[in-house]
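The structure presented is a predicted model; accordingly, all values stated were derived computationally and were not measured. In the text below, chain A, chain B and the rest are named by the order of the sequence lines, each starting its count at 1.
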2 protein chains.
Amino acid sequence: MTTEEAAPARAGQCEDRPTGGGAAEQGYDVFAQVCPSRAVFAELADKWSLLILMSLAACGPQRFSELQRGIGGVSRKMLTQSLRNLERSGLLLRTVYPETPPRVVYDLLPLGRELAELVTPLGRWTEHRADRMLAARGEFDAAHAAHAGE
Amino acid sequence: MTTEEAAPARAGQCEDRPTGGGAAEQGYDVFAQVCPSRAVFAELADKWSLLILMSLAACGPQRFSELQRGIGGVSRKMLTQSLRNLERSGLLLRTVYPETPPRVVYDLLPLGRELAELVTPLGRWTEHRADRMLAARGEFDAAHAAHAGE
DNA sequence: GTCTACGGTCTCCAATATAGACCAGGTCTC
DNA sequence: GAGACCTGGTCTATATTGGAGACCGTAGAC
């Protein structure tokens, strides 16, 4: 699985690019602008949604404020919005306990857990390779600055 | 900032954050607002960057215009910006052939290939589960509309 | 009475995404 | 020779989005 980029008839790719008629039997193709799967992908592929999934996968059910504290820098607005989004797509469950003060707990549904298991390695990889990427940035910026200076 | 969390230890609300292994030695934690790995993560975790990585992994080296055609709906500006970003972080290589008309080819570097191998399953999963998520959305919206109508 | 905690929503403003025009500069057509 | 066209961008104007912080309603602590 390491060097399998020469797969036969990739979905919506290469010579087989026609949108809607890709290799996927359902015709779903994230590369196609009008594909429903693209819309879903576009909503999931943002940092806050991914961090929420990772946080819930790592720590189990959490309250709104726990998530907010755990995910540094997220605003209430974006947290609410991303959570609603994930809830709407059936990835997580929102449970309200009508206590005082109110308590709302978010937990992954099976679908969300599946996704979280794909996303978590992404976060790990980022942490693991951050040094390398930062170094590359330094070189790139230096080369660029030198280029500009000459 | 205005809202100083004044957290006792750190943002991590559960003791067993997944960053406890390996990466924690460097203090890298995508959940932390000020961590360098978060900055990197935030740049990678957007739909265009992920689609670019998937496209390059699936089809091999591609020209600018090939990428643009392959990734439906991406604007030249965002494509340029995302490619620069990935290039800057050492994930892909930009090669200019000073021909006429000019030819610019983008290809994954080893680091980018690593990431692409984590990202590609994400795209596949989205295509595979899109139906389920769309159904969940339908239910959610219906329930919400009913709620509002009453 | 005032303050805090909770889980939001609302408003305002800055930042960002998108669409589309424009550019260099070489080829091709007429 | 004039003009259209190709590529890989950049620039601009407008639409969308993100973030900061105010507000809400209930209840308990001070």
Below 3.5 Å, can you tabulate the donor-acceptor pairs from side chains in residues 106-118 of chain A to any protein atom, sequence neighbours excluded?
residue  : atom : partner  : partner atom : Å
A/Tyr106 : OH   : A/Arg94  : NE           : 3.2
A/Glu114 : OE1  : B/Trp125 : NE1          : 2.6
A/Glu114 : OE1  : B/Arg129 : NE           : 2.8
A/Glu114 : OE1  : B/Arg129 : NH2          : 3.1
A/Glu114 : OE2  : B/Arg129 : NH2          : 2.8

Q. Starting at CD of B/Glu99 and ending at C1' of C/dA24, how long is that distance when rounded to a whole Å?
A. 17 Å
Q) Rounded to the nearest Å, what distance is computed from the CG atom of residue B/Leu79 to the C1' atom of nucleotide D/dT10? A) 14 Å
Q | For B/Pro36, all residues meeting side-chain contact (heavy atoms from CB on, under 4.5 Å), sequence neighbours excluded | A | A/Leu134, B/Tyr28
**Q.** Partner residues of A/Thr95 under the side-chain contact (heavy atoms from CB on, under 4.5 Å) criterion, sequence neighbours left out
**A.** A/Leu93, A/Tyr97
Q | Contact state string [nucleotides 4-22 of chain C, B base, S sugar-phosphate only, - no protein heavy atom under 4.0 Å] | A | --BSBB-------BB--B-
Q: Quick one: list whatever passes salt bridge (Lys or Arg N to Asp or Glu O under 4.0 Å) with B/Glu87, sequence neighbours left out.
A: none
Q) With sequence neighbours left out, what residues match A/Arg103 under salt bridge (Lys or Arg N to Asp or Glu O under 4.0 Å)? A) A/Glu99
